[in-house]
Amino acid sequence: MSDDSSDDSLGGSDDEGAPTSQNLLASFYGIEKTPVKDDDDDAEPAEPLDRTDFEAKTYVEELLRRQPLDRLLERDAALRRETRTLGSDLQALVYENYSKFIAATETIQEMNSNVGAMEAGVACLDATLCDVDALAKQVNGSLADKRSQIDTLVRSRRLLKRLEFLFELPKKLEVAVSEGRHEDAVSMYEAADAVLSSHGHVASLRDIHDDARRIVTSLKGDLQVFDDTLAASGHLAARVRLLTKVGDAEDASKARAAAADCADRYLCGVLDDALRNDDASLSLERRVTMLSDKFCGPRDAIVGQLDGVVELPSGPTAKFVDQVQKMVSNSTDYGDVALALRAAVAVDPERVSAVAATIAAKAHDASERELESASTKALDDLAASTESDDAQALRSAPTNADVALRRAARSLRERAAPLEPFLSKEDSVSKRTAKSEAWLRSMIEARGGLQPSTIVALAALCRLRGDDALSTDLLERHVAVVGEDLDQKAQDAIATISVNDGPASYIDACVSMIAAASKRVDAALRSKTHVAEIEISDDAVDRRARSLRTPRASGAAARSGVEMDVEKLFAKEATAGESVADDVTTGVGLAAALLSRFAAALAASVRTRSLSRDEYAQLERDGRRLHAVLPRYVRDDRLRGVERGVMEFLEEAAERVTGAAANGGSNNGE
């Protein structure tokens with residue numbers, strides 16, 4: 001046979017039988033062992049020796065028939081080992097549980113000794129129960145004939161008690177009323193009223209009912225008196241309920257109205273007492289807190305009394321809110337006002353919040369007015385300090401004004417900050433800040449019509465405050481103001497041309513005006529690119545003036561080819577120059593813009609009149625002078641464009657010369 005068949009016939013290895021027997025022994029003696037888990041509780045044990053239908057003779061015969069000698073010897077040795085193991089385990093279990101065996105033996109002996117005493121007690125109890133049962137039967141039998149009589153007597157006694165209560169009702173009502181036990185009196189009357197009404201045909205009961213009604217009517221009159229002591233004692237709601245019970249619907253309505261009036265008078269009196277004891281030397285927050293504490297206690301007690309019975313009157317709370325408003329309205333310490341409002345808001349959050357919003361709005365309005373006054377002063381100081389057009393003043397005045405404005409805004413905002421939480425949703429701090437900024441912007445715009453130095457200083461102030469758009473607008477307005485002055489000077493100069501040996505003085509005056517405007521912008525805006533006044537010697541200026549090729553005074557006559565070439569060259573260069581926009585927010589850009597405008601103004605003015613040859617010669621000298629000083633103020637990228645403007649002026653002048661001869665102009669210019 002193979003090894004597999006031999007193992008199957010043995011019913012398992014040595015390790016399978018021993019754990020099963022050990023678990024059985026451990027279970028019997030109460031020692032926890034891990035049971036062998038089977039998939040099916042009804043399955044047969046794997047070890048044949050553990051089967052319930054095990055037959056030793058059949059098992060041995062089967063082994064002898066199927067197993068060889070060596071396997072039989074091995075199986076015999078295994079059984080011996082298992083036997084010795086089980087014996088050792090049994091001894092260990094007995095040793096471990098020896099104390100339990102002794103205790104169990106003693107418990108059994110004690111139970112045996114007590115069973116006798118228990119049997120005697122049970123027997124005595126059984127005899128007693130038999131005696132009780134016999135006595136109960138005897139009593140029941142003796143009283144069976146008189147049970148109906150007893151029931152009749154009991155009902156009669158109850159009726160007599162009720163009649164006694166009814167006959168004594170008037171007296172009990174009077175006693176209860178005299179002792180102030182109004183609730184007891186009303187309860188007794190309610191208990192008897194239905195019975196007396198149903199038996200009104202009995203004269204005696206009718207009289208009792210009349211007396212009771214008379215007493216209750218008198219009691220109702222007493223109950224209808226509501227004084228302040230009733231509110232203080234906490235009996236307002238009880239009084240209303242009593243009047244509702246003893247009166248009709250009209251009486252109940254009057255009682256609720258009287259209770260509300262009583263509560264109103266009482267709480268107003270409490271508030272008046274608190275105000276009489278108000279100490280003006282204390283802080284506003286402390287005064288309001290004390291007033292709130294003195295008012296809230298009685299108010300909450302009244303609310304507890306009247307809850308669900310009478311609606312609490314609003315007069316005392318409104319009076320409290322008015323008093324708080326009077327206290328905080330005249331205070332300028334907004335921090336103390338905020339603390340006072342927080343102390344009062346618990347009394348009536350809705351009303352106090354509305355008052356707080358009004359007070360917060362007034363405080364912020366006052367701060368805004370102060371800020372407007374401070375801003376106006378700062379702007380006035382800026383205008384006064386820059387009136388002299390001093391470069392140092394232009395540099396410092398905008399910064400000083402900005403510091404003053406920010407300091408005033410921060411100070412006033414911090415002062416009113418404690419009241420910010422009380423502002424309404426529609427009146428937020430951000431909206432007020434935007435409104436203040438808009439007002440300041442309008443004030444700056446309104447001052448934009450002042451002299452140029454003030455306009456530039458205001459532009460610098462706007463740039464410091466981050467309003468670049470308004471700053472640019474003001475600088476463009478500055479260009480317009482200076483440009484209008486240049487236009488007027490150009491018109492005046494062309495209207496009355498004074499012939500001199502050299503250029504007219506208005507050229508240098510206007511150039512100086514442009515230079516001053518450029519320096520003004522650079523100083524106020526602290527520009528890093530200043531107008532570079534290059535020192536040019538008189539000889540260099542004369543050479544540059546003589547080098548200018550001016551048009552010939554020919555009226556409507558055709559021009560020479562050289563002149564046309566010069567004009568084309570200047571036109572090409574001017575087109576390149578004109579593509580560069582002039583940035584009037586810098587000195588160099590402003591100078592280029594103003595010089596171009598001045599040249600254009602000269603050209604526009606000369607179109608309005610006719611010129612003699614001498615007048616044209618004077619304008620030619622003026623144009624040469626203007627052309628000569630351009631490099632001092634205009635960058636190379638714009639120089640050609642401005643020069644083109646000067647040439648256009650001279651061209652316009654040349655075309656306005658009347659009676660011009662062929663040599664009326666000069667190419668080299670003496």
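- Shown here for Leu382 and Ala401, the closest heavy-atom pair between the two residues is CD1-CB, 3.6 Å.
- Residues Pro418 and Val337 form no side-chain contact, since every pair of their non-hydrogen atoms from C-beta on lies 4.5 Å or further apart.
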Discussion item. The test is side chain to side chain contact (heavy atoms under 4.5 Å, CB included); show your working for Val482 and Arg597 and say whether it passes.
Written reply: CA-CA 10 Å; Val482 178; Arg597 178 166 179 165; over 6 Å; no

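- Across all non-hydrogen atoms, the minimal contact from Ala653 to Leu611 is O-CD1, 3.5 Å.
- When side chains are defined from C-beta on, Thr658 does not count as touching Ser612, because their heavy atoms never get closer than 4.5 Å.
- Surrounding CZ of Arg286 are at most 12 heavy atoms belonging to other residues, nucleotides or ligands under 6.0 Å away.
- Formation of a donor-acceptor pair under 3.5 Å by the Asp522 side chain with backbone atoms of Gly587 is found in this model.
- Atom CD of Glu387 has 12 or fewer heavy atoms from other residues, nucleotides or ligands within 6.0 Å.
- Heavy atoms only, all atoms of each residue included: Leu594 and Gly483 are closest at CD2-N, 4.1 Å.
- Checking Asp622 against Gln618 by side-chain atom types alone, a donor-acceptor pair falls below 3.5 Å.
- The pair Glu368-Arg413 fails the salt-bridge criterion, with no side-chain N (NZ, NE, NH1 or NH2) lying under 4.0 Å from an Asp/Glu carboxylate O.
- Using modelled atom types and a 3.5 Å distance limit, the side chains of Ser281 and Asp279 yield a donor-acceptor pair.
- Side-chain atoms of Tyr633 and Val588, non-hydrogen and from C-beta on, never get closer than 4.5 Å to each other.
- Looking at heavy atoms from C-beta onward, Leu474 lies out of side-chain contact with Val456 at the 4.5 angstrom threshold.
- Taking a cutoff of 4.0 Å between a charged side-chain nitrogen and a carboxylate oxygen, Arg640 and Glu643 qualify as a salt bridge.
- Here side-chain hydrogen bond (donor to acceptor under 3.5 Å, both in side chains) pairs that include residues 598-607, with residues two or more places apart or in two chains, are Arg607-Glu652.
- Relative ring orientation between Phe598 and Tyr506 is described as perpendicular, the plane-to-plane angle rising above 60° on a 0-90° scale split at 30° and 60°.
- A salt bridge between Glu437 and Arg441 is absent, with no side-chain N of the basic residue lying under 4.0 Å from a carboxylate O of the acidic one.
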Discussion item. Would Leu619 and Leu602 count as a side chain to side chain contact (heavy atoms under 4.5 Å, CB included) here? Give the steps.
Written reply: CA-CA 10 Å; Leu619 293 182; Leu602 290 173; over 6 Å; no

Worksheet item: Hey, mind stepping through Gln488 and Asp492 against side-chain hydrogen bond (donor to acceptor under 3.5 Å, both in side chains) and telling me if it holds?
Response: CA-CA 6 Å; Gln488 187 62 47; Asp492 295 342; 3.0 Å; yes

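- Annotation: side chain of Leu590 is in contact with side chain of His478 (closest heavy-atom distance under 4.5 Å).
- If you take CD1 on Ile455 and CD1 on Ile444, they are separated by 13.0 Å, rounding to the nearest 0.5 Å.
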Worksheet item: How far apart are the C-alpha atoms of Met327 and Leu275, what are their side-chain angles, what is the distance that settles it, and do they pass the side chain to side chain contact (heavy atoms under 4.5 Å, CB included) test?
Response: CA-CA 11 Å; Met327 287 182 177; Leu275 291 173; 4.1 Å; yes

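- In terms of modelled atom types and a separation under 3.5 Å, the side chain of Thr386 and the main chain of Leu394 share no donor-acceptor contact.
- The CG atom of Leu461 lies 9.0 Å from the OG1 atom of Thr399; values are rounded to the nearest 0.5 Å.
- For the pair Lys319 and Asp272, the minimum side-chain heavy-atom distance is below 4.5 Å.
- We find the CZ-OG distance between Arg342 and Ser292 to be 14.5 Å, quoted to the nearest 0.5 Å.
- Note on Arg406 versus Asp402: salt bridge recorded, some NZ/NE/NH1/NH2 to OD/OE distance being below 4.0 Å.
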Worksheet item: Taking it one step at a time, do Leu626 and Val511 satisfy side chain to side chain contact (heavy atoms under 4.5 Å, CB included)?
Response: CA-CA 8 Å; Leu626 179 60; Val511 170; 3.9 Å; yes

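- With respect to Arg609 and Glu615, a salt bridge is recorded, a charged nitrogen being found less than 4.0 Å from a carboxylate O.
- Counting heavy atoms from C-beta outward, Ser596 and Arg644 have side chains that stay 4.5 Å or more apart.
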Check: residues 356-366 side-chain donor-acceptor pairs under 3.5 Å, at least two apart:
{"unit_1": "Thr358", "atom_1": "OG1", "unit_2": "Ala354", "atom_2": "O", "d": "3.1"}
{"unit_1": "His364", "atom_1": "ND1", "unit_2": "Ala360", "atom_2": "O", "d": "2.8"}
{"unit_1": "Asp365", "atom_1": "OD1", "unit_2": "Arg432", "atom_2": "NH1", "d": "2.8"}
{"unit_1": "Asp365", "atom_1": "OD1", "unit_2": "Arg432", "atom_2": "NH2", "d": "3.1"}

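- By the 4.5 Å heavy-atom criterion applied to side chains, Leu267 and Pro298 are counted as neighbours.
- Heavy-atom minimum distance, Leu595 versus Val642: CB-CG1, 3.9 Å.
- The distance from the CG atom of Leu440 to the OG atom of Ser375 is 5.5 Å, given to the nearest 0.5 Å.
- For the atom pair Cys268 SG and Phe320 CZ, the distance stands at 13.0 Å (nearest 0.5 Å).
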